[in-house]
Amino acid sequence: MWQARLRKIAGYAGVILAAGICYGVFVQRTGLAIPCLFHLVTGLQCPGCGVTRMCVALLRLDFETAFYSNRALFLLLPVLGTVFLTYIADYVKNGKWNMNRVQSGIIYACIVIMVIFGVIRNILPL
């Protein structure tokens, strides 16, 4: 039964990955990207501003540009990746979508870090 769950997850991951790569290539070739509504309205950078640039830079394996596009998320990617991979592994193993307390705590801590980063990046020249 776990094989069916693994195939299901792999299928979803493949679609999401393909869509992300297509969007990244489109942005890289055309320079057109989905604008940040928060930035358009306020002129300030939200915690997620720079994520598209970061992902496009990661597609090119340009880690320096990726880091400077969104420093906080770049540094949190390994942590978030580990949390989500263990979450998915638990689902494949048990067939239940249950995030444990440690995983939830890490996600909440990452959200707090991103919000703090969003405030600081508009105060200090980062």
Side-chain angles (χ1 to χ4, degrees):
M1 191 67 178
W2 66 269
Q3 293 95 343
R5 290 190 292 268
L6 183 60
R7 280 193 296 275
K8 180 179 174 182
I9 293 296
Y12 288 144
V15 169
I16 292 169
L17 183 62
I21 289 173
C22 287
Y23 178 66
V25 169
F26 174 80
V27 170
Q28 192 172 1
R29 299 274 189 240
T30 66
L32 301 173
I34 298 170
C36 175
L37 296 177
F38 182 82
H39 182 69
L40 288 174
V41 171
T42 66
L44 300 172
Q45 292 186 332
C46 77
C49 279
V51 171
T52 299
R53 289 187 304 275
M54 181 185 73
C55 291
V56 169
L58 288 174
L59 282 172
R60 294 189 314 261
L61 301 177
D62 181 357
F63 297 107
E64 183 178 1
T65 300
F67 174 75
Y68 286 111
S69 295
N70 191 313
R71 294 172 180 160
L73 188 57
F74 181 84
L75 294 174
L76 290 175
L77 277 177
V79 174
L80 291 169
T82 302
V83 168
F84 284 114
L85 285 176
T86 57
Y87 178 63
I88 290 168
D90 288 343
Y91 166 72
V92 170
K93 182 178 177 184
N94 303 319
K96 297 178 185 172
W97 289 108
N98 291 326
M99 190 169 281
N100 65 41
R101 295 179 101 184
V102 172
Q103 292 167 325
S104 296
I106 292 170
I107 296 295
Y108 289 129
C110 288
I111 291 169
V112 169
I113 290 167
M114 289 300 295
V115 169
I116 292 169
F117 170 71
V119 171
I120 291 173
R121 78 188 308 190
N122 287 297
I123 296 172
L124 302 175
L126 294 177

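Atom set for the values below is all heavy atoms of this structure, side chains included, hydrogens, waters and symmetry mates excluded. All residue numbers in this chain count up from 1 along the given sequence. Since this is a predicted model, take the numbers as computed values, not measurements.
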Are side-chain heavy atoms of [X] and [Y] found at a separation under 4.5 Å?
X   : Y   : answer
F74 : Y68 : no
L59 : C55 : no
D90 : N98 : no

*With sequence neighbours excluded, tell me which residues meet side chain to side chain donor-acceptor pair (under 3.5 Å) with S104.*
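Partners of S104 by the side chain to side chain donor-acceptor pair (under 3.5 Å) criterion come out as none, since no residue qualifies.
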Separation between [atom1] of [X] and [atom2] of [Y], rounded to the nearest 0.5 Å:
X   : Y   : atom1 : atom2 : value
I16 : I21 : CD1   : CD1   : 12.0 Å
F84 : M99 : CZ    : CE    : 5.0 Å
L73 : R71 : CG    : CZ    : 13.5 Å
T82 : L76 : OG1   : CG    : 11.5 Å
L80 : Y87 : CG    : OH    : 14.0 Å
E64 : F67 : CD    : CZ    : 9.5 Å

Identify whether [X] and [Y] are in the same connected component of the hydrophobic contact network (ILVMFWY, side-chain heavy atoms under 4.5 Å).
X    : Y    : result
L77  : I113 : yes
L37  : L44  : no
V83  : W97  : yes
M1   : Y91  : no
Y108 : V79  : yes

*Any ring pair (Phe, Tyr, Trp, His ring centres under 6.0 Å) pairs touching residues 5-30, not counting sequence neighbours?*
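Sorted result for residues 5-30: empty, none.
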*Going by the salt bridge (Lys or Arg N to Asp or Glu O under 4.0 Å) test, which pairs reach into residues 47-60, not counting sequence neighbours?*
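Listed once each, the pairs are R60-D62.
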*Which atom names give the shortest non-hydrogen contact between V92 and W2, and what distance separates them?*
O-CB, 3.2 Å
*Specify the closest pair of heavy atoms between G24 and V56, including all atoms of both residues, with the distance to one decimal.*
O-CG2, 3.8 Å
Quick one: does any side-chain atom of [X] pair with a main-chain N or O of [Y] as donor and acceptor, under 3.5 Å?
X    : Y    : value
N70  : P47  : yes
N100 : V102 : yes
R121 : C46  : yes

*asked:* Around atom CD1 of I34, are there more than 12 heavy atoms from other residues, nucleotides or ligands closer than 6.0 Å?
replied: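 No, CD1 of I34 has 12 or fewer neighbouring heavy atoms, counting only those of other groups under 6.0 Å.
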